Number of protein chains: 2
Amino acid sequence: MTAQPWESRQPARARVLETATRLFYTEGIHSVGIDRIIAEAGVAKATFYRHFPSKDDLVRAYVVEQSSWQRAAVAGMPTASPRAKLEAIFTLMCDFGAGPDYRGCAFVNAAAEYPDPAHPVRQAIADHRRWLRDLYRELLTGEGHPDAERTADMLMLLRDGLSVGLDLDDPVRVRAAVEETLAAVLGRGSAMSEQGTTAGRR
Amino acid sequence: MTAQPWESRQPARARVLETATRLFYTEGIHSVGIDRIIAEAGVAKATFYRHFPSKDDLVRAYVVEQSSWQRAAVAGMPTASPRAKLEAIFTLMCDFGAGPDYRGCAFVNAAAEYPDPAHPVRQAIADHRRWLRDLYRELLTGEGHPDAERTADMLMLLRDGLSVGLDLDDPVRVRAAVEETLAAVLGRGSAMSEQGTTAGRR
DNA sequence: CCGAGAGTAGACAGACCTGTCTGGTAGCGT
DNA sequence: ACGCTACCAGACAGGTCTGTCTACTCTCGG
C-alpha cells in the first residue's frame with residue numbers, strides 16, 4: 001500500500017515547499033507546525049528532515065522561493081517603456097491584493113515573526129528588498145528620471161504601504177490612493193491605466 | 001516570604017500588561033508564552049488568568065493599549081495649524097522609527113500573526129486604523145484641503161510604508177523619502193522641517 | 001476580629017512542538 | 001540479481017504551550 005506511483009506526483013521536496021508556502025502565507029509561520037505540513041504534503045517526517053534540516057531552513061526556502069516567483073514575474077512582463085513597466089508592476093500588485101486570498105506581503109509578514117535582523121530569514125528578506133529597490137532604481141534611470149535613488153525609495157514606501165493597506169483596509173480605496181500617489185511620485189505622464197480587475201473609480 | 005510590600009509596585013494587571021507589551025513588541029506574539037510573561041512580570045499564574053481569561057484577551061488588551069498611547073500622544077501635541085500637526089506626526093514617527101528599539105508598527109506586526117479578519121485582535125487593529133484615517137482626514141479638512149478623503153488614504157499609504165521601511169531598510173534614506181513624499185502628497189507648502197534626530201541629508 | 005478580595009507559589013493535565021530513529025517499500029542503474 | 005537512493009509510516013523523546021487547580025498569605029473595610 002505504501003509508495004504509490006509517485007512519479008506522477010511532484011517530488012517530495014516540492015510538495016513540502018508548496019504546502020508550506022500555502023500554509024505559512026495564509027496562517028502565519030509560527031502558527032503552522034511541521035506535523036501539519038508533512039500531513040498535508042503527504043510526506044514522511046524523515047523525508048522532510050532530509051530536505052530541510054530544520055524548520056527555519058524551510059522558512060528560509062519559503063522566503064527565497066517567494067522572491068524567485070516575483071523576480072520571474074517581473075522578468076516575464078512585456079517589455080514596454082520603463083515607466084509602463086513600473087506602472088504595470090504596481091497595477092499587478094493592486095490586482096493581486098484585491099483578491100480574496102490576499103493576506104499582505106509575505107516578506108513583511110515573515111519579518112514580523114522574525115525580529116532578529118541577523119536571522120537567516122531576515123537576511124533573505126533583506127536580499128529581496130535590495131533586489132526590488134534596485135529594480136525600481138534601474139527602471140527610473142532607464143526612464144531618464146533625474147533622481148532615481150530618492151524616487152526608488154519613495155516607490156518602496158508606496159509598495160509597502162499598499163501591501164499593508166490592501167490587507168487591512170478597503171482595497172478599492174487603497175487602489176485609488178496608490179494610483180494618485182504613483183502619479184504624484186512619478187510625475188503625471190500617463191496615469192496608471194484603467195485595466196484593473198476591480199472597477200477603478202472609488 | 002510571599003507577598004512583599006507591593007503597594008510600592010504597580011498592581012498586578014498593569015505589570016502584566018507592561019511586560020506583555022515589551023515582549024510582544026520586541027519578540028513577536030506567538031513567540032512569547034504566558035509562563036515567560038508572568039515570570040518577568042512577577043505575577044502568579046492564577047492572578048494572570050483572573051485579569052485576562054485567555055492569552056488572546058491579553059493580546060487584545062495590548063493592541064488596545066498601544067492605540068490609547070498613540071491617541072494620547074497626538075492629543076498631547078502642541079496645537080499648531082493642521083498642516084503643522086500632520087508634519088509633526090510624521091516627523092515623530094520617523095524619529096521613533098530611527099531608534100534602536102524600533103521593530104515596526106505594532107499593529108501591522110500583530111495583524112501578521114492574526115490572519116482572521118473576524119478575530120477580536122484584528123477588530124481592535126481595524127478600530128485603530130479607522131481612528132487614524134479619520135484623524136488624517138479631519139486635519140486635512142481643517143487645513144482646507146480640496147480632497148481630504150483621498151489624501152487621507154494616501155497618508156495611510158505613506159504611514160504604513162514608513163513603518164515597514166524604517167524597520168527593514170536604512171532609516172536615514174527612508175526618512176528622506178518620507179519627507180519628499182509627504183511634500184508631494186500635501187503640496188509643497190512648508191517642507192517637513194529639519195529638526196530630526198538623525199541628520200537629514202541622505 | 002473576621003471575612004472578602006487580591007496576590008503568591010507551584011503542581012498538574014493534555015495538547016502540541018521539533019527533531020530522531022526504526023523499519024519497511026518502490027524504483028533505478030549496473 | 002544487487003545495492004543505492006528516495007520515500008513512507010509511525011513511534012518516541014524531551015520540551016513547551018495554555019489553562020486549571022490547590023493551598024497559603026497579605027491587606028483592608030466594617
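Below, chains carry the letters A, B, ... as their sequence lines are ordered, and counting in each starts from 1. None of these values were measured; they are calculated from a predicted model.
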What nucleotide, of D:dC7, D:dC8, C:dG7, holds the atom closest to the side chain of A:Val43? D:dC8
Taking CD1 from B:Ile29 and C1' from D:dT18, how many angstroms apart are they, rounded to a whole number? 16 Å
Atom-pair distance (CG on A:Asp56; P on C:dG19), nearest Å: 8 Å
State which residues pass side-chain contact (heavy atoms from CB on, under 4.5 Å) with A:Asp35; sequence neighbours excluded, sorted by chain then number. A:Ile38, A:Lys45
With the side chain defined as heavy atoms from C-beta on, A:Ile34 is closest, among C:dT8, C:dT18, D:dT18, to C:dT18
Taken in chain and number order and not counting sequence neighbours, the residues that satisfy side chain to side chain donor-acceptor pair (under 3.5 Å) with B:Asn109 are none
Once salt bridge (charged side-chain N to carboxylate O under 4.0 Å, His left out) is applied, do any residues pair with B:Arg36, and if so which ones, sequence neighbours excluded? B:Glu27, B:Glu40
Are A:Phe24 and A:Glu113 side-chain neighbours, meaning at least one heavy-atom pair lies under 4.5 Å? no
Would you say that more than 12 heavy atoms from the other residues, nucleotides or ligands in this model lie under 6.0 Å from the CH2 of B:Trp131, or not? yes
For nucleotides 11-16 of chain C, list the nitrogen or oxygen atoms of the protein found under 3.5 Å from its nitrogen or oxygen atoms, one pair per line.
none

I want to verify a distance call: between C:dT8, D:dC8, D:dT18, whose nearest atom is closest to the A:Ala44 side chain? D:dC8
Looking at B:Arg83 and B:Glu87, is there a salt bridge between them, counting it only when a charged N and a carboxylate O are closer than 4.0 Å? yes
Please report, rounded to the nearest Å, how far the C1' atom of C:dG7 is from the CZ atom of B:Arg15. 9 Å
Protein-nucleotide distance (B:His30, atom NE2; D:dT16, atom C1'), rounded to Å: 15 Å
Those residues that, when tested against A:Arg103, pass salt bridge (charged side-chain N to carboxylate O under 4.0 Å, His left out) (two or more places apart): none
Within residues 46-54 of chain A, which residues have any heavy atom lying less than 4.0 Å from an atom of DNA chain C? A:Ala46, A:Tyr49, A:Ser54
Student check: side-chain heavy atoms of B:Asp153 and A:Val178 closer than 4.5 Å: no
